[in-house]
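Keep in mind it's a predicted model, so treat the numbers as computed, not measured.
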Amino acid sequence: MRFNYLIIGLITLTAVIGLFMTRDPERAERLSQMYRDAAFSGETRQIVLFALAIGIGGFIVYLTMTRR
């Protein structure tokens with residue numbers, strides 16, 4: 001089995017599950033509440049964004065320094 005077919009299959013499965021989850025209003029509301037509860041808020045969001053910026057910057061510096 002080729003890798004492309006696996007990726008297409010996973011994307012299709014995700015779309016079908018997403019449609020199934022959002023079709024029922026009660027289930028869609030629970031899913032929305034779950035997303036709100038899992039989201040970072042306030043100062044935590046700023047710390048996470050800062051850490052991501054430092055990580056991406058460090059990775060770019062690493063690639064720049066190790067490239068020959």
K.L.:
My understanding is that a hydrophobic cluster links ILVMFWY residues whose side chain heavy atoms are under 4.5 Å apart, including indirect links. Using that, what else belongs to the cluster containing Phe59?
P.N.:
Tyr62, Leu63

K.L.:
Listed by chain and number, what are the side chain to side chain contact (heavy atoms under 4.5 Å, CB included) partners of Leu52, not counting sequence neighbours?
P.N.:
Val48

K.L.:
Under the rule for salt bridge (Lys or Arg N to Asp or Glu O under 4.0 Å), what residues qualify as partners of Glu26, not counting sequence neighbours?
P.N.:
none

K.L.:
Could you tell me which residues satisfy side chain to side chain contact (heavy atoms under 4.5 Å, CB included) with Tyr35, sequence neighbours excluded, listed by chain and number?
P.N.:
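Residues passing side chain to side chain contact (heavy atoms under 4.5 Å, CB included) with Tyr35: Leu31.
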
K.L.:
List the residues meeting side chain to side chain contact (heavy atoms under 4.5 Å, CB included) with Phe50, not counting sequence neighbours, and say none if there are none.
P.N.:
Ile54

K.L.:
Other hydrophobic cluster members with Leu49, side-chain heavy atoms of Ile/Leu/Val/Met/Phe/Trp/Tyr under 4.5 Å, chained?
P.N.:
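For Leu49, no cluster forms, as it stays isolated from other hydrophobic side chains.
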
K.L.:
Please, which pairs that meet salt bridge (Lys or Arg N to Asp or Glu O under 4.0 Å) have at least one residue in residues 29-40, sequence neighbours excluded?
P.N.:
Glu29-Arg36

K.L.:
Mind checking side chain to side chain contact (heavy atoms under 4.5 Å, CB included) for Ile60 and listing every partner two or more places apart, or none if nothing turns up?
P.N.:
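Ile60: side chain to side chain contact (heavy atoms under 4.5 Å, CB included) contacts with Ile56, Thr64.
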
K.L.:
Return a table of donor-acceptor pairs under 3.5 angstrom between the side chains of residues 11-18 and protein atoms on other chains or two or more places apart.
P.N.:
residue, atom, partner, partner atom, Å
Thr12, OG1, Ile8, O, 2.8
Thr14, OG1, Leu10, O, 2.8

